[in-house]
Asks: 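Submitted below is the structure of interest, expressed as structure tokens.
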Amino acid sequence: LLMEQFTGMDQLEKQLAALFNIERCLIVSGNSDEQEKVIGEFGELVDEALQRQLPDGRNIIAVMGGTTMAEVARHVSPLETAKRHNLFVPARGGIGEAVSIQANSVSALMAANAHGEHRALYVPEQLSEEAYHTLLKEPSIRSVLAMIKEANCVVHSIGRAVHMAARRKMSEEEIVRLKQKNAVAESFGYFFDEHGAIVHKVPRIGLSLEDIQKMPTVLAVAGGKSKVKAITAYMKNAPKQTWLITDEAAANEILKGT
Ligand code: G3H
């Protein structure tokens, strides 16, 4: 599939990677807003990228949640070899969403399909300051958080700001504030405006944006016309080594706006 992408969509992929100043874009034909199979194809590309990118030795792969990631995880295939061992960790704590799309569940499924190991993080993502500091003292939580910070790979999606705020049950007031700040994208618990500037940070436990800056493998997966603003905004300041896996509908719309 990766080879087909290189020939069929080559030009579009190069243009999009150049626009966002990132290492690579992979584009699946179709529109994931309308065709669920497109998200399955994102998953196949993620699988191929992991097969190629993960070095021998011990890898720690941090995995985010969401509906895209839940489908992507279903398409991951065994990644273990005699020399390569992979540990999957959720990139963040649970966020009160449906269990099947929480980072814990998605990373567990990916680990099972990859024949790798998994460690769960049993902590809600949004916490009071007090609870946060208490939990950080817990040895079992500290050890998983330390692994998350050592990850050499992250697989994540990009969401629409207001949609994600509602899904995370943020208050009406907070949603109004996000709208006033023109938030259009959400990823890693950060909200971004259309210039890619961070306008809100959810107090959270897990991977931070700083953590991914130097991570060797960063795979961002998001498509569909509905996510064009979100993808464009987030990608403005995405780490240079990012690979964006998206679809034709989003790619065409993004390039049309340039
Ligand atoms: O955490 C959520 C992602 O940023 C986007 O979620 O794949 O359900 O649109 P989604």
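Indexing begins at 1, ligand by ligand and atom by atom, following the structure's order. Just so you know, these numbers come straight off a predicted model, no measurement behind them. Numbering starts at 1 and runs along the sequence shown.
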Asks: What part of Glu186, side chain, backbone, both or neither, has a heavy atom within less than 4.0 angstrom of ligand 1?
Replies: both
Asks: How does Ile158 reach ligand 1, if at all, at less than 4.0 Å between non-hydrogen atoms: by side chain, backbone, both, or neither?
Replies: backbone
Asks: Once you measure the plane-to-plane angle for His200 and Phe191, does it fall in the parallel (<30°), tilted (30-60°) or perpendicular (>60°) bin?
Replies: tilted
Asks: Just grab all the salt bridge (charged side-chain N to carboxylate O under 4.0 Å, His left out) pairs involving residues 53-64, residues at least two apart or on different chains.
Replies: Arg58-Glu117
Asks: Any donor-acceptor pair under 3.5 Å linking the side-chain atoms of Gln51 with those of Ser77?
Replies: yes
Asks: With heavy atoms of Gly65 as the reference, note each atom of ligand 1 found under 4.0 Å away.
Replies: 1 (O), 2 (C)
Asks: Decide whether the shortest distance between a heavy atom of Met164 and an atom of ligand 1 is less than 4.0 Å.
Replies: yes
Asks: How does Gln102 reach ligand 1, if at all, at less than 4.0 Å between non-hydrogen atoms: by side chain, backbone, both, or neither?
Replies: neither
Asks: Please state which part of Arg168 comes within less than 4.0 Å of ligand 1, counting heavy atoms only: side chain, backbone, both or neither.
Replies: neither
Asks: Please work out whether any backbone atom (N, CA, C, O) or any side-chain heavy atom from C-beta onward of His156 is under 4.0 Å from ligand 1, and answer side chain, backbone, both or neither.
Replies: neither
Asks: Do the side-chain N and O atoms of Glu248 and Asn31 include a donor-acceptor pair separated by under 3.5 angstrom?
Replies: no
Asks: Could you please spell out the steps behind the side-chain contact (heavy atoms from CB on, under 4.5 Å) verdict for Lys227 and Ser157?
Replies: CA-CA 11 Å; Lys227 282 194 178 179; Ser157 186; 3.5 Å; yes
Asks: Parallel, tilted or perpendicular for Tyr234 and His156, by the 30°/60° rule?
Replies: perpendicular
Asks: Is the shortest distance from a Lys or Arg side-chain nitrogen in Asp193 or Lys181 to a carboxylate oxygen in the other one below 4.0 Å?
Replies: no
Asks: Any nitrogen or oxygen of Arg167 lying under 3.5 Å from a nitrogen or oxygen in ligand 1? Just yes or no.
Replies: yes
Asks: Under a 4.0 angstrom heavy-atom cut-off, which atoms of ligand 1 come close to Gly66?
Replies: 6 (O), 7 (O), 8 (O)
Asks: I'd like to check which ligand 1 atoms, numbered from 1 as shown, lie under 4.0 Å from a non-hydrogen atom of Gly159.
Replies: 4 (O), 5 (C)
